[in-house]
Amino acid sequence: MAYETLIVEIEDHVGVIRLNRPEKLNALNSQLLEELVQALTGMDANDKVRAIVLTGSEKAFAAGADIAEMSRKSFVDVFASDLFGPVHDAIMRIRKPIIAAVSGYALGGGCELAMMCDFIIASESAKFGQPEINLGVVAGIGGTQRLSRLVGRAKSMDMHLTGRFMDAAEAERAGLVSRVVPPRRLMEEALSAAQKIAEKSQLTVMAIKEAVHRAEETSLREGLLFERRLFHALFATEDQKEGMAAFLESREPQFRDR
Ligand code: COA
């Protein structure tokens, strides 16, 4: 599949998707979002891919939804097409883990896209923000909801109301990103995390993703029950037998996704 706005590669069981509209700082226009959904859905269905890394350029992961494209739209246009709803839902349906490797700007829809990934590894140059207030709108792909859950109400309000950017160090302190590395080590770090995940049982990986997502959507009691039942269910797999036997025999497990 040839993409115009993405560079897509699969190597050593890791799918890498690089947003590629550098002249527009990877602003998320409809073509890019459509291609992104196709690339992610294709990798989700491809047995050769066991983890996905989503990245941008050194200057920008993505500087937001494409303002030039949006500016002309009316309420009827955006409401009738449910602008960003189907894209959001399609990305959230991906069952394989997605790591966002963020360098430079991750603003508006770019910050929201990074937050839709399962975790974020940031370069020291990363800048996160929800500056939609400067455009006379609010975030529309989850910013007010996800940022508040990830960094808490105070910082989320601050970011959305003032439109200020958060640097990588603050983002790590606040819990928005899991690791910060020097710019030249960003891809190495993200790929090595993805490769580590690719070595695990896919069954366990998908179960963890479902359980952690559930934590954001349900009560603690329901979430704990969901987790415990998943834990129980994995005892029906060969990979649980292999993982525990390998530990007891002091060897590396050979998972077969069964
Ligand atoms: N939508 C459409 N185009 C965008 C864009 C966006 N969100 N963000 C950047 N671009 C375009 C610029 O219009 C410019 O295009 P041009 O060269 O054809 O004029 C190009 O990308 C480079 O951006 P520029 O603003 O010149 O770079 P900069 O280094 O001076 O500033 C930013 C970088 C990120 C601070 C600035 O581009 C910006 O504020 N972008 C919008 C951020 C935003 O509001 N995002 C939320 C959208 S919902």
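We use all heavy atoms of the structure for the numbers below, so side chains are in, but hydrogens, waters and symmetry mates are not.
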(message) With a 4.5 Å cut-off on side-chain heavy atoms, are K209 and V205 touching?
(response) no
(message) Applying a strict under-4.5 Å side-chain criterion to I, L, V, M, F, W and Y, I'd like to know whether V16 and L54 cluster together.
(response) no
Listing, residues 247-258 side-chain donor-acceptor contacts under 3.5 Å, not counting sequence neighbours, or none:
{"from": "E249", "atom 1": "OE1", "to": "R251", "atom 2": "NE", "distance (Å)": "2.7"}
{"from": "E249", "atom 1": "OE1", "to": "R251", "atom 2": "NH2", "distance (Å)": "3.2"}
{"from": "R251", "atom 1": "NH1", "to": "E242", "atom 2": "OE2", "distance (Å)": "2.7"}
{"from": "R251", "atom 1": "NH2", "to": "E242", "atom 2": "OE1", "distance (Å)": "3.3"}
{"from": "R256", "atom 1": "NH1", "to": "E238", "atom 2": "OE1", "distance (Å)": "3.4"}
{"from": "D257", "atom 1": "OD1", "to": "R50", "atom 2": "NH2", "distance (Å)": "3.1"}
{"from": "D257", "atom 1": "OD1", "to": "Q202", "atom 2": "N", "distance (Å)": "2.9"}
{"from": "D257", "atom 1": "OD2", "to": "R50", "atom 2": "NH1", "distance (Å)": "2.8"}
{"from": "D257", "atom 1": "OD2", "to": "R50", "atom 2": "NH2", "distance (Å)": "3.4"}

(request) Return the set of residues passing salt bridge (Lys or Arg N to Asp or Glu O under 4.0 Å) with K24 (not counting sequence neighbours), or none when no residue passes. (result) none
(message) Contact between I133 and T162 at the side-chain level, heavy atoms closer than 4.5 Å - yes or no?
(response) no
(message) Return the SG to CD1 distance between C117 and I52, rounded to the nearest 0.5 Å.
(response) 9.0 Å
(message) If you count heavy atoms of other groups shown closer than 6.0 angstrom to CG of D47, is the number above 12?
(response) no
(message) Whether the side chain of D66 engages the backbone of A68 through a donor-acceptor N/O pair (distance < 3.5 Å, no angle test) should be reported.
(response) yes
(message) Test your reading of the model: is there a side-chain donor-acceptor pair from H13 to the backbone of A198, 3.5 Å cut-off?
(response) no
(request) Might you confirm whether atom CD of Q240 has over 12 heavy atoms from other residues, nucleotides or ligands at distances under 6.0 Å? (result) yes
(message) Please determine whether residues L107 and L33 belong to a single hydrophobic cluster, defined as Ile, Leu, Val, Met, Phe, Trp and Tyr linked transitively by side-chain heavy-atom distances below 4.5 Å.
(response) no
(request) Treating Ile, Leu, Val, Met, Phe, Trp and Tyr as nodes and any side-chain heavy-atom pair under 4.5 angstrom as an edge, say whether F84 and M92 lie in one connected cluster. (result) yes
(message) Can you tell whether the side chains of E210 and R95 come within less than 4.0 Å, N to carboxylate O?
(response) yes
(message) Tell me whether R173 is salt-bridged to E170, with the criterion being a basic N under 4.0 Å from an acidic carboxylate O.
(response) no
(message) Once ring pair (Phe, Tyr, Trp, His ring centres under 6.0 Å) is applied, what residue pairs with a partner in residues 186-231 remain, sequence neighbours excluded?
(response) F231-F235
(request) First locate atom CE of M115, then atom CD1 of I141, and finally report the distance between them rounded to the nearest 0.5 Å. (result) 9.5 Å
(message) Taking salt bridge (Lys or Arg N to Asp or Glu O under 4.0 Å) as the criterion, tell me which of R184, R179, K196 meets it with E189.
(response) R179
(message) Under a 3.5 Å distance rule, please check whether R18 uses its side chain to pair with a backbone N or O of L6 as donor and acceptor.
(response) no
(message) How long is the straight-line distance from SG of C111 back to CZ of R146, given to the nearest 0.5 Å?
(response) 11.0 Å
(message) Under a 3.5 Å threshold, yes or no: a donor from one side chain and an acceptor from the other, between D77 and S74?
(response) yes
(request) Return yes if a side-chain donor-acceptor contact under 3.5 Å exists between S125 and E58, otherwise no. (result) no
(request) Tell me yes or no: between the side chains of T5 and E35, is some donor less than 3.5 Å from an acceptor? (result) yes
(request) Nearest 0.5 Å please: distance from the CG atom of L176 over to the CZ atom of R149. (result) 14.5 Å
(message) Surrounding CE of M244 (heavy atoms of other residues, nucleotides or ligands, distance under 6.0 Å), is the total greater than 12?
(response) yes
(request) Would you indicate whether K241, at its atom NZ, is surrounded by more than 12 heavy atoms from other residues, nucleotides or ligands within a distance under 6.0 Å? (result) yes
(request) Using atom types as modelled and distance alone, determine if a side-chain donor or acceptor of H160 lies under 3.5 Å from a backbone N or O of E132. (result) no
(request) Could you grab the distance from atom CD of E124 to atom CD of E172, nearest 0.5 Å is fine? (result) 10.0 Å
(request) Please check if the side chain of N20 supplies one atom and the backbone of E4 the other of a donor-acceptor pair under 3.5 Å. (result) no
(message) Salt bridge or not between D239 and K200? Use side-chain N to carboxylate O under 4.0 Å.
(response) no
(message) Quick one, I98 and L40 - any side-chain contact, counting heavy atoms below 4.5 Å?
(response) yes
